[in-house]
Amino acid sequence: MIKRLFETDKKLVLKFAVSLFLTILFAFVFAGATSYAAANSDTSTSVSESNSGSADSGNSDTSGSGDSESKPQAGEYLDNSDQSVGSDPGSSLLQQIVGVDASQPLEIIILLTLIALLPSMLIMMTCFARIVIVLGFLRSAMQTQNTPPNMVLTGLALFLTIFIMAPVFGEINEIAYQPYANEEITTQEALERASVPLKKFMLAQTTNDDLQFFVDLSKTEVPEGGMTDEYKENELSLTVIIPSFMIGELKRAFQMGFMIFLPFLIIDIVVGSTLMSMGMMMLPPAMISMPFKILVFVLADGWNLMIGSIVTSYNL
């Protein structure tokens, strides 16, 4: 299979190999630099302790055994000491969030993979997917080839996503980010608070049938009272809500795509039957119908109707 892929698309294989090599090289370099810095810090600590010990050797009789017991030895921290925070190479914000202490090459590779997948996860947890699919259906129905180009459609979908998700992002900033920035809550509490507005948004766009389907697949235990709104927002896992939301978004996008195709399909039928009645069977109907489609779309103020339908479909 690899040999066949290399024969069909050599550039793709070479790009993948180069990117994998650079990732592994960066991981090893970063791990070596981390271990070197830790070794230097340990060496400097031991030197300073030896110097301080030699300077206080004349006063050892007057200090007593109580001082020696009160001073922690190298590598030992008290439970209530501030030295135990931030001095350990493994204690970091990344370790609190994803459990990665950035000290092993494999863990660095896992962290880079999570960072690479984060934009896709955020896109699938917002309204971006539905918008870009509906705009793609519109371009296909009008048969305008690559007009508007993919960059324009993606940018339009991105800014519409920001417009629609602005209330959700504002609530996350108010209840999660600002208290975390003011050091009022911990990282775990901030993540739990930030997930609640996203859950509310996704659950509002998800049908009970889709949600029940993934609950049954995951074999999640449902309380006796059923899936109440409080249970969905606070107890139901994101691993169940996110795929349910994605399936619902795809269904709604295809339904809207079908409704978009109907008026343009009528134009194709009218143009095709007219050409057949005139005996112009050799003339492609798409060549004649495309200008009429663009004219009808512009005269009907199609962009406002399209964007308005997408925004109002979220019932915000």
Side-chain angles (χ1 to χ4, degrees), residues 117 119-168 198-218 227 232 236-272 285-286 289-290 292-316:
L117 294 178
S120 300
M121 294 172 61
L122 291 178
I123 286 174
M124 299 309 296
M125 293 171 62
T126 60
C127 56
F128 181 85
R130 183 194 298 187
I131 297 173
V132 75
I133 291 174
V134 170
L135 294 178
F137 273 121
L138 174 64
R139 187 174 64 179
S140 300
M142 294 181 64
Q143 296 179 349
T144 53
Q145 301 291 330
N146 292 324
T147 304
N150 293 329
M151 185 177 297
V152 175
L153 293 184
T154 304
L156 179 60
L158 179 61
F159 281 98
L160 283 177
T161 300
I162 297 174
F163 175 77
I164 296 173
M165 298 294 295
V168 180
L198 281 177
K199 283 184 177 180
K200 290 181 180 179
F201 172 78
M202 290 187 288
L203 289 172
Q205 317 304 324
T206 306
T207 61
N208 293 329
D209 294 336
D210 294 334
L211 195 62
Q212 186 64 43
F213 175 71
F214 281 97
V215 168
D216 295 338
L217 286 180
S218 62
M227 291 190 296
K232 293 177 183 178
L236 197 59
S237 175
L238 282 173
T239 57
V240 176
I241 297 177
I242 292 176
S244 304
F245 171 74
M246 291 169 58
I247 295 298
E249 288 291 282
L250 292 176
K251 288 182 180 179
R252 187 67 62 85
F254 274 76
Q255 292 172 0
M256 297 178 69
F258 173 76
M259 300 302 296
I260 290 172
F261 261 93
L262 286 180
F264 296 110
L265 180 61
I266 294 174
I267 296 176
D268 286 333
I269 293 174
V270 171
V271 171
S289 63
M290 186 177 66
F292 288 100
K293 292 179 181 179
I294 297 175
L295 179 63
V296 171
F297 186 75
V298 172
L299 292 177
D301 201 5
W303 286 113
N304 287 343
L305 291 175
M306 178 65 59
I307 302 304
S309 299
I310 292 174
V311 173
T312 55
S313 66
Y314 283 94
N315 299 321
L316 297 177

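Keep in mind that the numbers below use all heavy atoms, side chains included, and drop hydrogens, waters and symmetry copies. Note that the structure is predicted; figures quoted are calculated from it, not measured.
With hydrogens and angles ignored, the 3.5 Å screen pairs no side-chain donor or acceptor of Thr154 with any backbone N or O of Met151. Checked by atom type and distance alone, the side chain of Ser237 never pairs as donor or acceptor with a backbone atom of Val240 at under 3.5 Å. Here the side chain of Arg139 pairs no donor or acceptor atom with the backbone of Thr147 at under 3.5 angstrom.
Between the side chains of Ser244 and Asp210, not a single donor N or O lies within less than 3.5 Å of an accepting N or O.
Remark: Arg252 is not positioned above the aromatic ring of Tyr314, lacking an NZ or CZ atom under 6.0 angstrom from the ring centre and at most 45 degrees off the axis.
Contact check for Phe261 versus Ser140: side-chain heavy atoms found under the 4.5 Å cut-off. When side chains are defined from C-beta on, Met306 counts as touching Ile260, because their heavy atoms get closer than 4.5 Å. Annotation: side chain of Asn304 is in contact with side chain of Asp301 (closest heavy-atom distance under 4.5 Å). Using a 4.5 Å cut-off on side-chain heavy atoms (C-beta onward), Leu211 and Phe245 make no contact. In this structure, Val132 and Leu158 have side chains that are not in contact, with every pair of non-hydrogen atoms separated by 4.5 Å or more. Leu138 places none of its side-chain heavy atoms less than 4.5 Å from the side chain of Leu153.
Checked against ring pair (Phe, Tyr, Trp, His ring centres under 6.0 Å), Phe264 has no partners two or more places apart in sequence or in another chain. Scored by the ring pair (Phe, Tyr, Trp, His ring centres under 6.0 Å) test, Phe128 finds no partners at all (sequence neighbours excluded). Every residue two or more places apart in sequence or in another chain was checked for a salt bridge (Lys or Arg N to Asp or Glu O under 4.0 Å) with Lys199, and none qualifies. Looking at residues two or more places apart in sequence or on another chain, you find a side-chain hydrogen bond (donor to acceptor under 3.5 Å, both in side chains) between Asp216 and Gln212. Remark: Met246 engages Met124, Ile242 in a side-chain contact (heavy atoms from CB on, under 4.5 Å) (not counting sequence neighbours). Every residue two or more places apart in sequence or in another chain that forms a ring pair (Phe, Tyr, Trp, His ring centres under 6.0 Å) with Phe254 is listed here: Phe137.
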For the pair Lys293 and Thr144, evaluate side chain to side chain contact (heavy atoms under 4.5 Å, CB included) and give the outcome as yes or no after the intermediate values. CA-CA 10 Å; Lys293 292 179 181 179; Thr144 53; over 6 Å; no
Verdict with supporting geometry, Met142 and Met290, side chain to side chain contact (heavy atoms under 4.5 Å, CB included): CA-CA 6 Å; Met142 294 181 64; Met290 186 177 66; over 6 Å; no
The test is side chain to side chain contact (heavy atoms under 4.5 Å, CB included); show your working for Phe214 and Thr239 and say whether it passes. CA-CA 9 Å; Phe214 281 97; Thr239 57; over 6 Å; no
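Here the straight-line distance linking atom CD1 of Ile241 with atom CG of Leu198 works out to 10.0 Å at 0.5 Å rounding. Taken from CG in Asn150 to CG in Leu135, the straight-line distance is 11.0 Å, to the nearest 0.5 Å. In this structure, Phe258 CZ and Leu262 CG are separated by 4.5 Å, a value rounded to the nearest 0.5 Å. To the nearest 0.5 Å, the span separating CD1 on Ile310 from CZ on Phe163 amounts to 12.0 Å.
Shown here for Thr126 and Glu249, the closest heavy-atom pair between the two residues is O-OE1, 4.3 Å. For Leu305 against Ala300, the heavy-atom pair with the smallest separation is CD1-O, 3.2 Å. Nearest heavy atoms, Met256 versus Arg130: SD-CD, 4.2 Å. Between Ser289 and Gln143 the shortest heavy-atom distance is OG-OE1, 4.3 Å.
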